[in-house]
Participant: 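Here's a structure for you.
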Amino acid sequence: MGETDTRLDYRDPEWVAEQLGIDKNTVYKYLQDGSLPGLQLGRKWLVSERRLALFLERVEREQTETRRESSGARPSPFALPPRARLIGSDNGHS
């Protein structure tokens with residue numbers, strides 16, 4: 001296990017609330033009902049920054065897939081061109 005693997009990255013619920021742009025009481029509610037991953041030590045809650053990022057990525061994928069399924073999975077007429085075309089098309093023109 002490397003040095004970065006053992007680094008503690010725990011934050012308090014106030015930090016989480018600030019990062020997510022929600023009220024800290026909402027963070028506490030999500031922690032208490034198990035909606036948000038966290039660790040409780042006595043009365044203090046801690047949230048791993050790394051696990052929070054993984055959790056948010058998973059929920060984002062799940063919500064996106066749910067929306068896609070409920071819309072009939074039609075391709076969007078507003079789909080972005082492949083990334084390579086976006087990068088390759090930037091030749092200094094705005």
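Note: hydrogens, waters and symmetry copies are ignored here, and every other heavy atom, side chains too, is used. Bear in mind the structure is a predicted one, so any value in this text is a computation, not a measurement.
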Participant: To the nearest 0.5 Å, what is the distance between CD on Glu49 and CZ on Arg7?
Facilitator: 7.0 Å
Participant: Any chance CZ of Arg51 has more than 12 other-residue heavy atoms, nucleotides or ligands included, within less than 6.0 Å?
Facilitator: no
Participant: Membership question, hydrophobic clusters at under 4.5 Å side-chain separation (ILVMFWY): are Val16 and Leu54 in the same one?
Facilitator: no
Participant: Restricting to non-hydrogen atoms, name the atom on Asp12 and the atom on Lys44 that form the minimum distance, rounded to 0.1 Å.
Facilitator: CB-NZ, 4.4 Å
Participant: Are Leu31 and Leu46 connected into the same hydrophobic cluster when the rule is that any two of I, L, V, M, F, W, Y join if their side-chain heavy atoms are below 4.5 Å apart?
Facilitator: no
Participant: Going by the side chain to side chain donor-acceptor pair (under 3.5 Å) test, name the single residue among Glu60, Arg61, Arg67 that passes it with Thr64.
Facilitator: Arg67
Participant: With sequence neighbours excluded, what pairs up with Gln32 under the side-chain hydrogen bond (donor to acceptor under 3.5 Å, both in side chains) test?
Facilitator: none
Participant: Which heavy atom of Ser35 sits nearest to which heavy atom of Phe55, and what is that distance?
Facilitator: O-CZ, 2.9 Å
Participant: Compare all side-chain heavy atoms of Leu20 with those of Leu56 and state whether any distance is below 4.5 angstrom.
Facilitator: yes
Participant: Does one hydrophobic cluster hold both Tyr28 and Tyr30, with members joined at side-chain heavy-atom distances below 4.5 Å?
Facilitator: yes
Participant: So, does Gln40 use its side chain to make a donor-acceptor pair with the main chain of Gly42 at under 3.5 Å?
Facilitator: yes
Participant: From Gln63 CD over to Arg58 CZ, what is the distance, rounded to the nearest 0.5 angstrom?
Facilitator: 10.5 Å
Participant: With a 4.5 Å limit on heavy-atom distance, are the side chains of Glu14 and Trp45 in contact?
Facilitator: no
Participant: Do Trp15 and Leu52 touch side chain to side chain, with heavy atoms closer than 4.5 Å?
Facilitator: yes
Participant: Using the rule that two of Ile, Leu, Val, Met, Phe, Trp, Tyr join whenever any of their side-chain heavy atoms come within less than 4.5 Å, decide whether Leu8 and Leu39 are in one cluster.
Facilitator: yes
